[in-house]
Amino acid sequence: MGCNTSSTRIKNSQTSLRAVLIIQNWFRGYRARLKARQQYALTIFQSIEYADEQDQIQLCNFFTFMLENYKHIRKEEIELSQLTESKLDMMDKQDYVDLIDVPDSYQGPRLQFPLTCADIDLLLEAFKGKQILHARYVLEVLFETKKLLKQMPNFTQIQTSPSKEVTVCGDLHGKLDDLFLIFYKNGLPSGSNPYVFNGDFVDRGRNSMEVLMILCVSFLVYPNDLHLNRGNHEDYMMNLRKNKTYSISYLQIHGKKILQTLEELYTWLPIGTIIDNEILVVHGGISETTDLNLLHRLERNKMKSVLMPPKEINKDYNTDSKHSKLGVTISAHGRIKASGLSSEHLPKHEWEQVIDILWSDPRGKKGCFPNTGRGGGCYFGPDITSKILNKFQLKMIIRSHECKPEGYEICHGGKVVTIFSASNYYEEDSNRGAYVKLCSGTNPRFFQYQVTDATCFQPLHQRVSTMENSAIKILRERMISRKSDLIHAFQHQDRRKSGKLPVSQWAFCMESILGLNLPWRSLSSNLVIIDQNGNVEYMSSFRNIHIEKPIKEANSALVETLYRYRSDLEIIFNAIDTDHSGLISMEEFHAMWKLFSSHYNLHIDNSQVNKIANMMDLNRDGSIDFTEFLKAFYVVHKYETMVKPEATNLAEQHK
Amino acid sequence: MADEKDREETAVAEFHKKIKEAFEVFDHESNNTVDVREIGTIIRSLGCCPSEGELHDLIAEVFTPGSEGTPHLHVPADAIEIVQIHSDSQSFLEEEEPTGYIRFEKFLPVMTEILLERRYRPIPEDVLLRAFEVLDTAKRGFLTKDELIKYMTEEGEPFSQEEMEEMLSAAIDPESNSINYKDYISMMVIDEN
């Protein structure tokens, strides 16, 4: 009896041990797959973000092409650098800002110049209460900031001490809550609490203007202790996507003036900061040719935009164009009159130095390679870091520019630090934000945070699901915008016209057409139907998603093309729309479209385009509201998940 | 014979691509290495379910400690102080653990063999259900929160606090403070599909 009981007991405990091990094993596997899915989603977000940046940079080639060929330019008007230095100086504060009245009915914050820390508090409270700052104050702040920035050198210098640590923050991208959180946890900027904001204050988040206003006002109150570095998003190009970048409430009145002043301000932002003569703080990174001495000397405000690279001056120019970017005027007979060498722009080698600083990314591979992900700057390896740091007697580079899951990352043996301050950048829960505090003689201290709201207390699998669905959605939108090219590639591989391909061939097509380096095999089940033999039914991706046709008769290929290039088109339209009316004439539209399709080699029947444009000219007044035009192309997702039949049954059973 | 060899070669080539994809997603510096702490995630994302013990043995086969190249987060343990702040004002100190990394060239052949031999197969759903039923000695259809915590954190290959919290957050019914394991399992299965 006794023996039986104890052996039963042992057997029971062995069984229960086995059961526990099974559950633990299963859970760890499940949890790991959740983390992997989370990582895939982040990879998707990042790949698409960089691919979009690349598309935008490519536009500079189109702009060059356009300027050379666009016959409809009214010569005074299409200056891509909207206002030159001299024009804006002529209209100073007295001429413009002081003429703007702030009505008594205005409930928002009223700033008092010269600004004091009371104004910082006032602004923070106002923005927390979701108030809008009046255009008059916006303009005044921008004017004053620009004026003061002009006095700053290309690299601002900071010295720390045990009682005066400096805090370095990375990209904020218009995320106001993150800025609030940083100031709440780390204190407001002051003489004893200096800050460096390392670029990319605007774009993508909802509150670009508010973030900018708080940073500018803080800078005006503490110009020696609040340092602003230029990021790649502090660029004229952002103004060409103004409706995406800035909230409409700030552009409704005096929008044109605000954008013009902002453009100027961006060019006057310092390129970087040097802390204790040993830490270089720049937005992107470096390249093997980075020359700090050159960077100290160059005229940084001549770096207008990534969209306007310097052109080499050619010997013979025979063209009708009356205006050329290089400050070279061309008479009606086609003869060149040089009016000074690049008076408005940086020479090529200097322009490239600045691009490298603003766009580069560190990588583990040794050497220096073109940054093919973004289309600008380079990838620099640990050997490059050592070489440049040694050359200029520095110890560390602190940079931003890349979203990191923990908000910060250390690489190159501790010599390169990435700091990113916009938490939940891609999606709720995609990443933490961080800032770093520095003091000479002690180790850097990193502080992480995440702006949370009620939904963050969902269990992990739900948060991952949300992020994953969001990533897959934008990936599918990208697929639909290249539908014709993808189908063409699939059919080319599918010799037997079976509608199916092995996963490896499908993955190959996806990667080469979309140009995205993603784990296609792992993602395939989310994107396409796979049969029991492991073959992909490649057309299944396009079943539940389509681009809405603005008019029924529109040709699908055309609609797809217009959808695919809609961001580029928005930028170009805004560049042409020099009076910021939001309208372009039919003539301008046709001419621009012709150029665009020829430059991008699009095989589109131009008469079809004209037909759509005509149909969109609702006022019949010969002009097109291009915002409306572009909005007409959007993707419709039919709600349906790729659920396998067995799983659905299971759900049914347990109801 | 030749046919079968062809098929195996194609299978191997496909495995190689699959492994490379899964690896690259965690190769943050694009230098063909991943932090050793992520290798378990990678192996499991490829559909395998090794136990913690089996995982440790696997890592030992492919691990490269310390100095070669530039491993992710490789700084001396006392050099970096991390203070984590959450917006609910919680803060705590976390020290950097010394770490190492796994090189792709070493990982690939080991992982390929695992896939070819179909090792560490995942637990079928019915086996998982029976495991819960074994622990539910009173056959109530659920486990209490305390029972689950005791089993998972004190026996077998014990859960860390983080792992326990994550399981509870999804599994527990806050009103009864218990886990209806049948519902829990089917929810997880749907999520994975």
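Letters go in sequence order (proteins before strands), and every chain restarts at 1.
- Note on ring orientation: taking the six-membered ring where Trp is involved, the planes of A:W26 and B:Y184 are perpendicular (angle over 60°, cut-offs 30° and 60°).
- Counted within 6.0 Å of NZ on B:K145, heavy atoms from surrounding residues, nucleotides or ligands total 12 or fewer; the atom is thus considered open.
- Of the atoms belonging to A:I23, heavy atoms from both backbone and side chain fall under 4.5 Å from chain B.
- With a 4.5 angstrom heavy-atom cutoff, B:E133 does not touch chain A via any of its atoms.
- In this structure, the separation between CG on A:L21 and OH on B:Y151 is 13.0 Å, given to the nearest 0.5 Å.
- The parts of A:S522 that come within reach of chain B are both its backbone and its side chain, each placing non-hydrogen atoms under 4.5 angstrom from that chain.
- Heavy-atom contacts from other residues, nucleotides or ligands closer than 6.0 Å to CD of B:Q161 number 12 or fewer.
- Between chain A and the residues B:E165, B:R130, B:M187, B:M188, the most heavy-atom pairs under 4.5 angstrom are made by B:M188.
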Does the pair A:S16 and B:E155 meet the rule for a side-chain contact (heavy atoms from CB on, under 4.5 Å), with working shown? CA-CA 9 Å; A:S16 93; B:E155 299 194 30; 4.1 Å; yes
Dump the intermediate steps for side-chain contact (heavy atoms from CB on, under 4.5 Å) on A:R363 and B:H28, then the final yes or no. CA-CA 8 Å; A:R363 285 292 180 266; B:H28 302 295; over 6 Å; no
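- Remark: B:E24 CD to A:T43 OG1 distance equals 10.0 Å, nearest 0.5 Å.
- Contacts of A:R28 with chain B are made by both backbone and side-chain atoms, with heavy-atom separations under 4.5 Å.
- Only the side chain of A:N517 comes within less than 4.5 Å of a heavy atom in chain B; its backbone stays farther off.
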CA sep, side-chain torsions, deciding dist, call: B:E14, A:R521, side-chain contact (heavy atoms from CB on, under 4.5 Å): CA-CA 10 Å; B:E14 259 308 287; A:R521 284 162 188 78; 3.1 Å; yes
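- When each of A:K365, A:R37, A:K35, A:Q462 is scored by its heavy-atom pairs under 4.5 Å with chain B, the top score falls to A:R37.
- Atom NE2 in A:H461 sits 8.0 Å away from atom OG in B:S169 (nearest 0.5 Å).
- In this structure, B:E166 contributes its side chain and A:L460 its backbone to no donor-acceptor pair below 3.5 Å.
- The candidate from B:K18, B:E163, B:K17 with the greatest count of non-hydrogen atom pairs under 4.5 Å with chain A is B:E163.
- Contact between B:F26 and A:A36 at its shortest, heavy atoms only, is CZ-CA, 3.9 Å.
- A:R18 does not touch chain B: none of its heavy atoms, backbone or side chain, sits under 4.5 Å away.
- Both the backbone and the side chain of B:V25 come within less than 4.5 Å of a heavy atom in chain A.
- Among B:G47, B:A171, B:P158, the residue making the largest number of heavy-atom pairs under 4.5 Å with chain A is B:P158.
- B:Y181 does not touch chain A: none of its heavy atoms, backbone or side chain, sits under 4.5 Å away.
- Note that CZ of A:R33 is 11.0 Å distant from OG1 of B:T41, once rounded to the nearest 0.5 Å.
- Atom CZ of B:F15 has more than 12 neighbouring heavy atoms from other residues, nucleotides or ligands inside a 6.0 Å radius.
- Annotation: maximal heavy-atom pairing with chain B below 4.5 Å, among A:T15, A:L17, A:L42, A:V20, occurs at A:V20.
- Residue A:K128 places its NZ atom among more than 12 non-hydrogen atoms of other residues, nucleotides or ligands, all under 6.0 Å distant.
- Of the inter-residue distances, the one linking B:S45 atom OG with A:L34 atom CG reads 12.0 Å to the nearest 0.5 angstrom.
- No more than 12 heavy atoms of other residues, nucleotides or ligands lie within 6.0 Å of CZ in B:R118, so this atom counts as exposed by the packing criterion.
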Go through A:Q24 and B:M167 one step at a time and tell me if the side-chain contact (heavy atoms from CB on, under 4.5 Å) criterion holds. CA-CA 10 Å; A:Q24 287 168 336; B:M167 181 182 237; over 6 Å; no
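- Remark: the backbone N or O of B:C49 is paired with a side-chain donor or acceptor of A:N25 at under 3.5 angstrom.
- Chain A forms more heavy-atom pairs under 4.5 Å with one residue of B:L135, B:L128, B:V134 than with any other, namely B:L128.
- The CG atom of A:L523 sits 7.5 Å away from atom CD of B:E21, with the distance rounded to the nearest 0.5 Å.
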